[in-house]
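Structure first, then comments.
In listed order, ligands and their atoms are each counted from 1.
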Amino acid sequence: MAIRIDGKKISQELKDELKETVAKLKEEGKNGCLAVIQVGDDPASSVYVGNKKKACAYIGIDSRSYELPEETTEAELLELIESLNQDPAVNGILCQLPLPAHISEKKVIQSISPQKDVDGFHPQNVGALVIGQEGFVSCTPAGIIELLHRSGVSIEGKHCVVVGRSNIVGKPMALLMLRENATVTVCHSKTRNLKEICKEADILIVAIGKPQYITADYIKEGAVVIDVGVHRNENNKLCGDVKYDEAEPLASAITPVPGGVGPMTIAMLMKNCVEAMKRYA
Ligand code: GUN
């Protein structure tokens, strides 16, 4: 029987700690404000953005909402971001992805001041992570490190297999595990022998984007299994990239979907906002 890694509980603990830190920073005259930009009205994005604003209110920082129509031009969006970069009252800026096809995500990400880039997507912050310098780290992989630490999983010297190589999850995840002194293998859609490689993992982190793809044959007995996927199955129930019922009896610890990695992403965004507040308020 695996330990169920409770992301809901751990993210709540983290938010409660941040709430205390924010109260102390406010006594020092430092205030936090996150600007959240959404272009268009993608329903999933609206839910994420709403949850991010709620989390700000919970820990005691302000949030400003910019809900822009789908037809917003790239130039208009870049102009808004530049004004937020210049605004001393704003210490975090987040532009919800995906953006409409006529707007370059690359340009938008690069236009956010690295000092206010609480998503950790700016090339300067990604570069800082690569060479071990201080910067903002992408929230989902940072949240996984926090989950592992707070669940007492030791990382040093372990073989960690990351399945997925996206800029937001897979690549920063591999770098963070390397920083924790794991031996890291990164797999992706072109990997041969995926099953065999996964089966060698002490810590298996799956961000493959395919519902319930990882079955019992991919998991070594006693492995720690972290599932980043979020999908709806045929019964409209949430599920991950891992077949939980098959993985759970083999694993020593496992994250459920929902209630595993998901809640940590927003908690880590709040942690980055508090960091921005400390550094730049
Ligand atoms: N879309 C999906 N995940 C994220 C995220 O972490 N940050 C932003 N800005 N957009 C997203």
Side-chain angles (χ1 to χ4, degrees), residues 7 11 14-15 33-56 61 63-68 70 72 74 77-78 80-81 84-85 90-101 103-126 129 135-147 164-173 175-176 205-209 226-232 238 240-241 257-258 260-276:
S11 66
L14 180 56
K15 282 189 283 182
C33 177
L34 173 67
V36 183
I37 306 167
Q38 184 183 353
V39 186
D41 52 9
D42 174 63
S45 288
S46 301
V47 172
Y48 290 134
V49 163
N51 288 339
K52 288 171 187 182
K53 290 191 287 190
K54 262 191 235 159
C56 287
I61 65 176
S63 64
R64 274 198 218 161
S65 214
Y66 297 88
E67 286 158 23
L68 310 180
E70 182 86 17
T72 304
E74 186 178 277
L77 179 56
L78 293 175
L80 168 64
I81 291 171
L84 295 170
N85 283 341
V90 171
N91 35 40
I93 304 170
L94 178 156
C95 184
Q96 188 66 27
L97 304 178
L99 289 165
I103 300 179
S104 156
E105 279 189 4
K106 184 174 144 192
K107 271 195 202 163
V108 168
I109 288 169
Q110 291 191 6
S111 73
I112 295 174
S113 160
Q115 282 75 34
K116 298 189 180 187
D117 168 39
V118 285
D119 259 329
F121 293 168
H122 191 284
Q124 186 176 311
N125 283 317
V126 178
L129 173 62
F136 291 114
V137 178
S138 181
C139 301
T140 300
I144 291 170
I145 297 290
E146 197 76 26
L147 272 184
R165 57 171 158 179
S166 69
N167 290 339
I168 293 182
V169 182
K171 282 182 204 159
M173 188 74 249
L175 290 162
L176 285 171
I205 302 177
V206 189
I208 198 173
I226 305 293
D227 188 351
V228 184
V230 188
H231 315 276
R232 291 213 176 257
L238 288 175
D241 289 350
V257 178
V261 173
M264 290 305 290
T265 299
I266 290 184
M268 294 311 285
L269 174 69
M270 294 303 109
K271 192 162 186 238
N272 281 349
C273 289
V274 172
E275 205 47 54

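Under the rule for a side-chain contact (heavy atoms from CB on, under 4.5 Å), the partners of Ile103 that lie at least two apart in sequence or sit in another chain are Val39, Glu74, Leu77, Leu99, Pro100, Val108. Under the rule for a side-chain contact (heavy atoms from CB on, under 4.5 Å), the partners of Ile266 that lie at least two apart in sequence or sit in another chain are Asn51, Lys52, Ala55. Shown here are the side-chain contact (heavy atoms from CB on, under 4.5 Å) partners of Pro263, two or more places apart in sequence or in another chain: Ser11.
Surrounding NZ of Lys116 are more than 12 heavy atoms belonging to other residues, nucleotides or ligands, all under 6.0 Å away.
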Notebook entry, point to check: Can you check side-chain contact (heavy atoms from CB on, under 4.5 Å) on Leu84 and Ile37, steps first, answer last?
Noted result: CA-CA 11 Å; Leu84 295 170; Ile37 306 167; 4.0 Å; yes
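For ligand 1, the protein residues within 4.0 angstrom (heavy atoms only) are Lys52, Leu94, Cys95, Gln96, Leu97, Asp119, Phe121.
The backbone N or O of Gly135 sits nowhere less than 3.5 Å from a side-chain atom of Asn125 that would complete a donor-acceptor pair.
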